[in-house]
Structures are given as C-alpha cells and as structure tokens.
**Q** 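Got a structure here, written out as structure tokens. Questions coming.
Protein chains get the first letters and strands the later ones, always in sequence-line order, with residue 1 at the start of each.
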2 protein chains.
Amino acid sequence: MAQPKIKNMEEFAAASGISRPTVSKYFHDPDSVRPSTRQRIEIAIEKYDYRPNIFAMNQNRKLTKNIGIVVPLISDPYFAEIARSLESRCIDAGYRPSLFSAHGSAALEVEVLEHLRSLKPAGVLLAPLGRASDRKVLEKFCDDIPTLIFDSNVEEFGIAFVGSDNAQFTTHITDYLCRTGEPPCFFEMKTPANPNAHRRRQSYLTAMEGFGHAPQVISVAGEGWGFEEIGRVGGHEALSEGRFSTNTILCSNDRLAIGLLTACYERGLRVGHAEGCSIRVAGQDGHPHSRYTCPPLTTISHKYDAVSKSAAEALFAAIDGHVSPWKSTRLEGTLILRDSA
Amino acid sequence: MAQPKIKNMEEFAAASGISRPTVSKYFHDPDSVRPSTRQRIEIAIEKYDYRPNIFAMNQNRKLTKNIGIVVPLISDPYFAEIARSLESRCIDAGYRPSLFSAHGSAALEVEVLEHLRSLKPAGVLLAPLGRASDRKVLEKFCDDIPTLIFDSNVEEFGIAFVGSDNAQFTTHITDYLCRTGEPPCFFEMKTPANPNAHRRRQSYLTAMEGFGHAPQVISVAGEGWGFEEIGRVGGHEALSEGRFSTNTILCSNDRLAIGLLTACYERGLRVGHAEGCSIRVAGQDGHPHSRYTCPPLTTISHKYDAVSKSAAEALFAAIDGHVSPWKSTRLEGTLILRDSA
DNA sequence: ATATAAATTTTACGCGCGTAAAATATTTCT
DNA sequence: AGAAATATTTTACGCGCGTAAAATTTATAT
C-alpha cells in the first residue's frame, strides 16, 4: 500500500532511510548488500511499490540485465516451446529476457540483431535462420556481444553451441525403422533452410550403409519456412511418380512429415505399422503437434528441457565471466514410438 | 562507411552540421524537419552509422515509441500468426513493438503488464487470457496506458475491442453443417479459458433453434491451454459413451477439433463427408494447422489480416490523440470447406 | 578488546538525450 | 521586395540513475 508517491531512487532511499548508492547496488544485485539492509529495502519496496526506471538504469550501465532470445520463426511451435523455456530460465536467474523472431527472413534477422545491439544485452540466446543468415553480420554480432548459438550451428561463432545431436537422431530412428520393417527412404527439402538437415541426410546415408541397406534420398523442391506445404506438395509428387523405393519414409523433420501425412491421406494411403497400412512415416524433432497427427507421428524428440537448461547455463556462466573455449554440446534425442511407423 | 567514431547525438550533430535539438526532433519524427535538413541528417546517418541511445531517448520522453503486444499463449500458432502480423504493422508505422506471452498463466499476465508499464509504452495491443485474467489489474492497466483489446473481450476496458464475430462464426458454420448433412452437436470445454467460447455455444443454441433442430452440447472436462489433449481425451470419453446424438460435431475451436480428430483416428472412425465416413467434424478459427489435419479440417477462419489491420489502426489513431468512444469491432469469418465436414 | 575487513554513507560528477524559451535564419506569400 | 509564417539554432536545464573515491560505520576474527 503506497501512501506517499515515490518518484525516484533519491526519494525512495530517503524514505527507507538508506543511501541511494546502496539502494542502487541492491537493485544491481540484492546479494551485494548486508542481509539486514536488504530486508529493510525490500520492506520499503513493498510499502512504496517503487521500482527503478529501467531506461535510466540501463543508460550508464556497461552491462545490463537484458537477455535477447532470437528464434527464426516464432510461429513454429517447436521454437515457441523452446523460447518459452529459455524465457523462464532467464527470469529465474534474474535477467530480463526479450523475445524476437526473424519470421523466416534474413533481412529481419539482421534488423533484430541490430535492434538487440541497442538494448546493450548482457547476452543473447540465438537460434539462427541457418543457411540464409548473413554470416558477416552474425560473426560481428557474436564478437561484440556474448552470444550462445542454439538449435542450429552456423560456424564456431559465439561463446558456444548447444543443440541436439542430429547424427544420433537420424541414426537412432533409422535403426529403429530398419529393425521393425523395410529400411526407410529419406524425405527432405532440396534446399533446406537449416544446416541440421544436412547432418541428418548424411547420418541417414551412413546409417543405411552401416546396416547394409541401399539408401534412397528424395529431395523435394520448395523455398521458405512453409514446411508442411512443401512436404504435402512434394509428397504428392513423389508418391504419384513412385519415387519411394520402400514403404517406409523417414522425414528430415516433423513438419515435413505432417505435410506428407496430409498428402498420404489425400491419396487414400493408410499410414502406420498396423494391418492394412501401406506406408510408414516417421519424423524427427518431437514437434508439439506430432502427438495429434493421424496417425500420431513416430519421431525422435529433442530433449527440450535439457537443451534449454544447457544453453541458458552456458550463457549465464559466460556472462559471469567464466570464460571457456568455444564448445559444441549436442544432446541425444528420445525415440517416441507412435502409430505412424 | 564510418570513418570517425560518433558516440552521441552531440558529436553526430556537430559532424553533420546540424544542431542537436533538430537532430533530436528528427529522430522523434522525421517529417517534423525541413526536407533538406532531413536529407542531410539521413546522409550523415549512413555515413557515421549513428543511432541514438534508446535508453537515454526514452528516459525523459513522456511518450515513447514502444508498443507492447501481449498474447495469452505464443506457442499457439494462431496467436503467433496474429502477433507476427501486428508486429509488422507496428514497425511499418514507426513503432518499436515488444512481444510478450502470458504462457497461459494469469500470474504471468500480471507480471507482463507490470513489466510493460516500466517500458512506458505509447500503446499496448492486448489479447487477454480471458476468464483467468485479473480483472482489476487489467482495468487499472487500461486506465493508465492506451490499450486496445483484441481477440477476446473481457469488459469494456481500454480504448476499443477488435476481434472476430463469434456469433457469426458459429451461426454460419452451423448453417452450413445443417444444410449438408445431419445437424451438428456442439463439442466444447466445460470451463473454457476464453470468453469467446461462451458466445459460440450460445450462437450454436440460437442457430439450431432457428433452424428447427434440437441442439446438443457436449462439454468435456479439462483445465488449462492444452486444448488438443482435452479434445482427444474428452472425445474418447464422449465417443465411448455414445454421447453424440448425431454424426456431425462442431467443435468450439480448431485445437479441440484437432484433438477430437486424433481420438476418432485412434478409435478407427473415418471422418469426413465422403463415402464410408461415419462422422463429420468441423472446427472454428482457421488455425494455421487446420489445413494439415487428416482429413483437412473444415472450419471458419478469422480474417487475420483484417483483424490485425483494424486493431493496429485503432491503436495508432488513439496514440495520435484521435479520441473516440469505446467501441467493439467484430469481423465476420470466412468458411473454409475441406474434407472433414 | 582491538585490529582488520567489509559494508555503507557522503560527496560529486557524468551519461545521452528531452525539452523549453528566445534568438535567428529560412521559406512562403502577396 | 517586404512581411508573415515556419524552421532551425542557441542556450540552458533537468531526467533518474551509474559509479568512483574518500570517510565513516558495522561486522568479523584473533
């Protein structure tokens, strides 16, 4: 309950009987003041409902408490989910996260980064667009601001990379598919936006060779981030031309698989490993929607929490000055068996 | 290409041969200075790559150029899509949008609003959680900051409401379903998070009465924002108990419908209006994913662009001081006929 | 209890820009 | 060209807080 109106730190400090620099120090780090002082300040905050002006706070600070979170496409529930998770971790660690999406556009990604600079963030968690990203801008940005790259690694930019072990993803699910039926073909975009796609194709080829099967990659045309539609249209084409050499299709990612499932439905093909099904389809990513496709999609899922935890902690450590050489952390995925394969 | 390093507006003004207050005025509104002056400033910006410190800019400004966009759940592609659209409009209009999600939590919504206050935004585009929202906090916020409510109206808060005409949505699609087969039952959550759900149920009842059919509402249990799962589990229950009195089910929203489709699949029920299908399912919202369900979902879609345009323009007008009495704008939806019904 | 370390207060200055008022220059109009 | 209207420059102050250094108080250790 506020009685008098406190309008700045000066007045707040006076009203709570503490000097302004100490109050300032408290807001910078509550643990940097004596416990008794901290308590007095916190009581006063309750009483006067005071909070410092964030613009004035950040103006002269070399290092703010801001953290930027940048994803290539927020409307993709996969990125939305991981962004949400990162956001929580930032807040819990006392930072102020700001979320940005490049909306699939390289130009916008550059703009976001530029805007982020002016926010003088303590650090940035960045999932780059990938292939389309402006390498030079990215590199410069990473040089200037502590940046952790996640999801898809571009080069050895920033302080570290955290993501999933795409090779393990594909090897693991390829193995599963081989053991439970015909060996899979690999269904992908010809020019994937994301570098992980290349790793997955490569792992598929390697795995198939290792298992003694002939690999077959079906690459479909399509630009941009409308993966479902690319999968659907490409699926129709490949299906009508009989380009799949086996009855099992491993998709490069879940969104492509979702589109392919739609194509299969539209062609009257029953998908699954049950009786009467003519085709098996599997995805990769553990997309939030994969549970609700028809049939529910067999996939290999990112460990969302683990990736987010690892990414956030690495960034926080770097911000706290714990320098360590650039490293790449890739977490294994979890196979999720459902009806589609 | 920057030769010398410009570090503040003072230096920038000196280097470009223009007084600092005029430069300041330019950044506040480029049209407020003479065209020749504007050009000189813009050439200098290019040359020195200068941009003002946003913290210092906003510190003393009574009105910033910030606009807050708040959605209840960013991981819902529907909100992600409309947020993206609003974001673009803000940028085009010269504002700086910041995106926030309440992640389905009322407590977080309050926190977001509180944080937004400290950003001294010129205006806010707010899609409230709905039923769970803290009314008093919302009201206070709307009193203090020009706020346009969109998607779901709580009370007559803020400067205006812009959303879809839920009554028209339901009436229209109910009509379609009645004309093309058995009249629909209505499938919904017992305690919906969103007030639009009540409008839809009511419209269903009214429409059915108008058409001379007996309505039947199936309300399923479930809390929170995991609509697909609620629809799936509730669908299983209702189906096993034979609670649907006709073969046609109109869902309160698309996400519920997606879950219901999964339930139907899991029970071996063929959905659609084609030969051999035992059940028809329709949704409401034009959810980005509805195109890719199996079968593709018949639904009635928000006019995303029109809603976003109307909302943004109303807010911009209010910010520019064009006061007008509170009003509610509700746009009609577009029926999207696909295979599910 | 006394020395030592740590926290706090005082004092003082600066950050980068907003903004108001008055003086001056430029444009526009007749 | 001269007057009126508009734009720009000068001048000057303030915003709310960061931060450094020295002085003082408080806590900790022996």
Side-chain angles (χ1 to χ4, degrees), chain A residues 4-45 48-66 94 96 115 117-122, chain B residues 4-45 48-66 94 96 115 117-122:
Chain A
K5 288 273 173 74
I6 298 295
K7 46 175 210 177
N8 59 31
M9 199 180 277
E10 194 81 52
E11 289 185 18
F12 174 77
S16 50
I18 293 171
S19 78
R20 191 178 65 74
T22 301
V23 172
S24 170
K25 215 176 160 203
Y26 164 85
F27 279 111
H28 187 70
D29 176 8
D31 281 326
S32 68
V33 302
R34 209 182 296 151
S36 61
T37 310
R38 175 173 179 169
Q39 200 172 18
R40 283 167 64 200
I41 293 176
E42 283 168 353
I43 287 170
I45 290 177
Y48 299 108
D49 193 36
Y50 166 77
R51 34 212 79 208
N53 179 311
I54 54 174
F55 299 113
M57 276 186 70
N58 290 329
Q59 176 171 8
N60 297 328
R61 243 217 263 281
K62 36 206 106 250
L63 213 58
T64 69
K65 282 287 189 176
N66 303 331
R96 301 201 313 97
H115 175 71
R117 264 176 200 283
S118 68
L119 252 40
K120 292 195 278 187
Chain B
K5 288 274 173 71
I6 299 292
K7 43 174 212 177
N8 60 29
M9 198 180 277
E10 194 81 52
E11 288 185 18
F12 175 76
S16 51
I18 293 171
S19 77
R20 190 178 65 73
T22 302
V23 173
S24 170
K25 215 176 160 204
Y26 164 85
F27 280 111
H28 187 69
D29 176 10
D31 282 325
S32 67
V33 303
R34 208 182 297 152
S36 62
T37 310
R38 175 174 179 168
Q39 201 172 20
R40 284 167 62 202
I41 293 176
E42 282 169 354
I43 287 169
I45 290 177
Y48 299 109
D49 192 38
Y50 167 76
R51 31 213 82 208
N53 179 312
I54 51 174
F55 298 113
M57 277 185 71
N58 290 329
Q59 175 170 9
N60 296 327
R61 245 217 264 279
K62 33 204 102 255
L63 214 57
T64 69
K65 282 285 189 178
N66 303 330
R96 303 199 315 96
H115 175 70
R117 264 177 200 282
S118 68
L119 251 40
K120 292 194 278 187

**Q** Distance check needed: D:dC15 P versus B:Ile54 CD1, whole Å only.
**A** 22 Å
**Q** For B:Ser32 and for A:Asn58, locate the closest nucleotide of DNA chain D by heavy-atom distance; then report the residue assigned to the nucleotide nearer the 5' terminus.
**A** B:Ser32
**Q** Measure the distance from CE on A:Met57 to C1' on C:dC17 and round it to the nearest whole Å.
**A**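 Distance, rounded to whole Å: 19 Å.
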**Q** Rounded to the Å, how far apart are B:Arg40 CZ and D:dT9 C1'?
**A**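 Result: 12 Å.
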**Q** Residues two or more places apart in sequence or in another chain: which of them pass side chain to side chain donor-acceptor pair (under 3.5 Å) with A:Ser24?
**A**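 Testing A:Ser24 for side chain to side chain donor-acceptor pair (under 3.5 Å), a comparison that skips the adjacent residues, returns none.
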**Q** State, without any angle test, whether B:Glu11 and B:Tyr48 hold a side-chain donor-acceptor pair at a distance under 3.5 Å.
**A** no
**Q** Under the rule for side chain to side chain donor-acceptor pair (under 3.5 Å), what residues qualify as partners of B:Tyr50, not counting sequence neighbours?
**A**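 Expected list: none.
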**Q** Separation of B:Arg38 atom CZ from D:dT8 atom C1', in whole Å?
**A**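 B:Arg38 atom CZ is separated from D:dT8 atom C1' by 17 Å.
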**Q** Quickly work out the B:Ile18 CD1 to D:dT10 P distance and round it to whole Å.
**A** 11 Å
**Q** Can you check the A:Asn53 CG to D:dG16 P distance for me, whole Å?
**A** 7 Å
**Q** For residues 17-30 of chain A, which residue pairs qualify under salt bridge (Lys or Arg N to Asp or Glu O under 4.0 Å), counting only residues two or more places apart or in two chains?
**A**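 Non-adjacent pairs meeting salt bridge (Lys or Arg N to Asp or Glu O under 4.0 Å): A:Glu10-A:Arg20.
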**Q** Going by side chain to side chain donor-acceptor pair (under 3.5 Å), name the residues that satisfy it together with A:Thr64, two or more places apart in sequence or in a different chain.
**A** A:Asn66
**Q** Using side chain to side chain contact (heavy atoms under 4.5 Å, CB included) as the criterion, list what pairs up with B:Arg117, not counting sequence neighbours.
**A**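 Scan of B:Arg117 (side chain to side chain contact (heavy atoms under 4.5 Å, CB included), adjacent residues dropped) gives B:Lys140, B:Phe141, B:Asp144, B:Ile145.
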**Q** Check nucleotides 19-27 of chain C against the protein and report each pair of N or O atoms closer than 3.5 Å, with its distance, or say if there are none.
**A**
| unit_1 | atom_1 | unit_2 | atom_2 | d |
| --- | --- | --- | --- | --- |
| C:dT19 | O4 | B:Arg20 | NH2 | 3.4 |

**Q** Can you see if the side chain of B:Thr22 gets near the phosphate of D:dT8 - specifically, an N or O under 4.0 Å from OP1 or OP2?
**A**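 For D:dT8, neither OP1 nor OP2 has a side-chain N or O of B:Thr22 closer than 4.0 Å.
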**Q** Nearest 0.5 Å please: distance from the CG atom of B:Asp49 over to the CD1 atom of B:Ile45.
**A**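 So the gap between those two atoms works out to 9.5 Å.
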**Q** State which residues pass ring-ring contact (aromatic ring centres under 6.0 Å, His included) with B:His115; sequence neighbours excluded, sorted by chain then number.
**A** B:Phe100
**Q** Quick check on contacts: within residues 8-17 of chain A, what sits under 4.0 Å from DNA chain D by heavy-atom distance?
**A**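 Close to the strand are A:Asn8, A:Met9.
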**Q** Restricting to side chain to side chain donor-acceptor pair (under 3.5 Å), what partner residues turn up for A:Ser32, sequence neighbours left out?
**A**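 Listed in chain order: nothing, the list is empty.
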**Q** Rounded to whole angstrom units, what separation is found between the CG atom of A:Leu119 and the P atom of C:dG16?
**A** 17 Å
**Q** Has the side chain of B:Gln59 got a donor or acceptor that lies under 3.5 Å from a partner of the other kind on the base of C:dG18?
**A**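 Check fails, no donor-acceptor contact within cut-off.
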**Q** Ignoring backbone atoms, test whether A:Tyr26 places a side-chain nitrogen or oxygen under 4.0 Å from the OP1 or OP2 oxygen of D:dG18.
**A**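 Checking A:Tyr26 against D:dG18: no side-chain N or O falls below 4.0 Å of OP1 or OP2.
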